[in-house]
Undergrad: 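I'd like to ask some things about the structure below.
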Number of protein chains: 2
Amino acid sequence: MRTDTVYKKAFNRTATMLRDGQLAGELPSENELRRRMCVSRTTVRKVLRELVHRELITERDGLRATGRAVGDYDYYPDVETTSRAKHVEQQFMEWMLRGDTKPGTSINELELARQFGVATNGIREFLIRFSRFGLIEKRPNTGWLFKGFTEDFALELFEIRVMFELRSAQLFSRQPDSSPLWDKLAALKIAHIELLARIESRFHDFSGLDNRFHRLINEASPNRFIDDFYDIISFIFHYHYQWNKQDEEQRNHAAILEHLAYIDALESRDPERIERACRAHLASARATLMRSLIGLDE
Amino acid sequence: MRTDTVYKKAFNRTATMLRDGQLAGELPSENELRRRMCVSRTTVRKVLRELVHRELITERDGLRATGRAVGDYDYYPDVETTSRAKHVEQQFMEWMLRGDTKPGTSINELELARQFGVATNGIREFLIRFSRFGLIEKRPNTGWLFKGFTEDFALELFEIRVMFELRSAQLFSRQPDSSPLWDKLAALKIAHIELLARIESRFHDFSGLDNRFHRLINEASPNRFIDDFYDIISFIFHYHYQWNKQDEEQRNHAAILEHLAYIDALESRDPERIERACRAHLASARATLMRSLIGLDE
DNA sequence: AAGTTGTTTTTTATGGATAAAGTTCATGCT
DNA sequence: AGCATGAACTTTATCCATAAAAAACAACTT
């Protein structure tokens, strides 16, 4: 049966809005809520019905108003708010990156399905989606081959990344001074500086910043294939570093400094300086990844 | 139910081998056949059983020998030898590239499933696979968005292609003279010259040559992401030009000449000459594609 | 007429079943 | 022991069913 995770997530979000007073007094219309939550009205109505039922809101003459206070116990547990597909993704990435899955292993849909507690269909869909990341390969009628999260993979990935990023950085720097992206860059620079000041306690926030920065650079001259490639990078890094926390603070600290140099270079519009800063940053990111890959075998 | 296309294709291939005398006299063992046909022994046995049943081969004391002559009527029809997945691919590409599907159209899994006569699952799997080509996009819980086979698409595609091909061509030219790839290149050059001589009658053969050529260039320094990207190109071009035959002969004639210039440039090892030849060829390929795209709207 | 809510219809996400194809085990023969 | 065939078992490709979510339709209100 299809999961009702969309509903549960919407419910939790509404509960939080109620608790934080964002929905004080009379509630907005179903359509208004629908827009805010990015779900269908069908789902909004289901949420409202449950809220009424739990007396978290009251309904009189078709008018809805806030009811009793929201308690922690009102929330659905987090696991119930992510779809099966997302679960499969998480479990697979853990299986692949943390387990002792060796390159050359073949992947068995049925076995994974049993292990993850889902139907084979879901596994297969995930694998098809995941195959574009270059880590697995399909052999028809037979199964999937795990090619390994290896040094080769990292090298090939970074070779492309350097090509794309150099291209995008140069194009970014050649935008007219009037482009709003310069302002966004300036804002991002400030965010970097602020994070740097509190790096000891907030170093986890870097990955979000990193993402915003690299995506901003691509914005000046969009190319869907470059965007897609950046999706691969984000995805891989997200999961890899989720379980590889060694030196995280130091790593992020260094990266912030590199970003700042890179941003300055962009602002200078000097092509050679940009190339140097960009290469320096990517070389360092690559070295970091390689180091952690070697660490994996120990 | 799963289709028995693997069996039928294997049967047809075996029939052809019998007819062409490649299996004269006593037949090889099941294992030997299995290796030759790249299918499992289970399938080989099924083929053999049917061959015996039709008296195309005889079996005495466990020894198999050729039987009566193979007739045209013995073959399974071609449609029955391609999997559902492949059919979906073909029908979808036709729907997309030939129909009047406008950019921004949303794609409905259920509707396509009905139209193509398959289960929704197959459609979805195809769409997931196809989504990496940058022509469609998934909106969760909602459906797929067709972004259109537009000029933008072609421009973005070729921007990447130029980057990749320049990189690969330069790396190719820097291989040691002892590399076997130089011989392969020389052989390919001859094939080009031969095709050129008979261009009027054999211009269809160009696309195979084109593929071999571009893949060869990538072979010198493999990168899985570049290979994947070339898959996209091949796929798109295959289907696009399958239904766009205008000026095919002339187009291919020009491309052969460009390839020859490109090959000469590579053999010269002169970086600048290589860059010029490579760019010239790709610019021309792009112009051709753009022209045919405009033609589509008429 | 535009925005609400109630109702019905359509579509997606997910599980389940099964024939075909692949793989492994068993037996027998040189 | 090594290879051939036979049989049993496992996995993939494919269809079908259904609850959840989205979309479309309808009726009502101001």
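What you see is a predicted model, and the numbers here were worked out from it, not measured in a lab.
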Undergrad: Would you confirm whether the ring centroid of A/F164 sits within less than 6.0 angstrom of the ring centroid of A/F225?
TA: no

Undergrad: So does A/R41 reach the base of C/dG6 with its side chain, donor to acceptor, closer than 3.5 Å?
TA: yes

Undergrad: For ring pair (Phe, Tyr, Trp, His ring centres under 6.0 Å), just list the numbers for A/F92 and A/F116, CA-CA rounded to whole Å, side-chain angles, deciding distance to a tenth of an Å, and then say yes or no.
TA: CA-CA 8 Å; A/F92 179 85; A/F116 297 172; 7.1 Å; no

Undergrad: Can you tell me if A/T3 touches the phosphate of C/dA13, counting only side-chain N or O atoms and a distance under 4.0 Å to OP1 or OP2?
TA: no

Undergrad: If you only use heavy atoms from C-beta on, which nucleotide in C/dT5, D/dG6, C/dT12 is closest to the side chain of B/L110?
TA: C/dT12

Undergrad: Heavy atoms only, 4.0 Å cut-off, all strands: where does B/R114 land among base, sugar-phosphate and nothing?
TA: sugar-phosphate

Undergrad: Would you kindly give the CG-to-P distance between B/L63 and D/dA4, to the nearest whole Å?
TA: 12 Å

Undergrad: Using a heavy-atom cut-off of 4.0 Å across all strands, would you classify A/S83 as base, sugar-phosphate, or nothing?
TA: sugar-phosphate

Undergrad: How close do A/I232 and A/R132 get, heavy atom to heavy atom, and via which atoms?
TA: CD1-O, 3.7 Å

Undergrad: What is the distance, rounded to the nearest whole Å, between atom CZ of A/R49 and atom P of C/dG6?
TA: 10 Å

Undergrad: NA contact type, B/R64, heavy-atom cut-off 4.0 Å: base, sugar-phosphate, or nothing?
TA: sugar-phosphate

Undergrad: Under 4.0 Å between a side-chain N/O of B/S40 and OP1 or OP2 of C/dA21, yes or no?
TA: no

Undergrad: So does A/T42 reach the base of D/dA23 with its side chain, donor to acceptor, closer than 3.5 Å?
TA: yes

Undergrad: Side-chain N or O of A/S29 versus OP1/OP2 of C/dG3: is the shortest distance under 4.0 Å?
TA: no

Undergrad: Output the single nucleotide from C/dG15, C/dT23, D/dA21 whose closest atom is nearest the side chain of A/V6.
TA: D/dA21

Undergrad: Starting at the 5' end of DNA chain C, which residue's closest nucleotide do you reach first, B/T5 or B/R124?
TA: B/R124

Undergrad: Ignoring the backbone of A/R84, work out which of D/dC15, C/dT14, C/dT5 is nearest its side chain.
TA: C/dT14

Undergrad: More 5' along DNA chain C: A/G122 or B/G143, using each one's nearest nucleotide?
TA: B/G143

Undergrad: Let me know the distance between CZ of A/F116 and P of C/dG15, rounded to the nearest Å.
TA: 13 Å

Undergrad: Tell me: CD of B/E30 to P of D/dA4, nearest whole Å?
TA: 9 Å

Undergrad: Show the nearest heavy-atom pair for residues A/H87 and A/V79, with the distance to one decimal.
TA: CE1-O, 3.2 Å

Undergrad: Do the side-chain N or O atoms of A/N108 get closer than 4.0 angstrom to the phosphate oxygens (OP1, OP2) of D/dT12?
TA: yes

Undergrad: Taking CH2 from B/W144 and C1' from D/dA23, how many angstroms apart are they, rounded to a whole number?
TA: 19 Å

Undergrad: Going through the checks in order, is the ring pair (Phe, Tyr, Trp, His ring centres under 6.0 Å) test met by B/F235 and B/Y239?
TA: CA-CA 6 Å; B/F235 188 90; B/Y239 279 107; 5.1 Å; yes

Undergrad: If the cut-off is 4.0 Å, is B/R45 near the phosphate of D/dG6, judged by side-chain N/O to OP1 or OP2?
TA: yes

Undergrad: A/K138 near the nucleic acid: base, sugar-phosphate alone, or nothing, with a heavy-atom cut-off under 4.0 Å?
TA: sugar-phosphate

Undergrad: Look at the side chain of A/T142 against the base of C/dG22 and say whether a donor-acceptor pair falls under 3.5 Å; ignore hydrogens and angles.
TA: no

Undergrad: Give the rounded distance in Å between these two atoms: CD of B/E109 and P of C/dT10.
TA: 17 Å

Undergrad: Flag the pair A/E55 and A/R68 as a salt bridge only when some basic side-chain nitrogen lies within less than 4.0 angstrom of an acidic carboxylate oxygen.
TA: no

Undergrad: Ignoring hydrogens and angles, does a donor from either the side chain of B/N31 or the base of D/dG2 sit under 3.5 Å from an acceptor on the other?
TA: no

Undergrad: If you check every side-chain atom of A/K46, which of C/dG15, D/dA20, D/dA22 has the closest atom?
TA: D/dA20

Undergrad: Within the pair B/T120 and D/dC15, is there a side-chain N or O less than 4.0 Å away from OP1 or OP2?
TA: no

Undergrad: Using a strict 4.0 Å threshold on nitrogen-to-oxygen distance, state whether A/R54 and A/E50 make a salt bridge.
TA: yes

Undergrad: Whole angstrom is fine here: how far is it from CG in A/N121 over to C1' in D/dA13?
TA: 10 Å

Undergrad: Need to verify one output field. Residue with the more 5' nearest nucleotide on DNA chain D, A/R34 or A/E111?
TA: A/E111

Undergrad: Taking CG from B/N141 and C1' from D/dA19, how many angstroms apart are they, rounded to a whole number?
TA: 13 Å

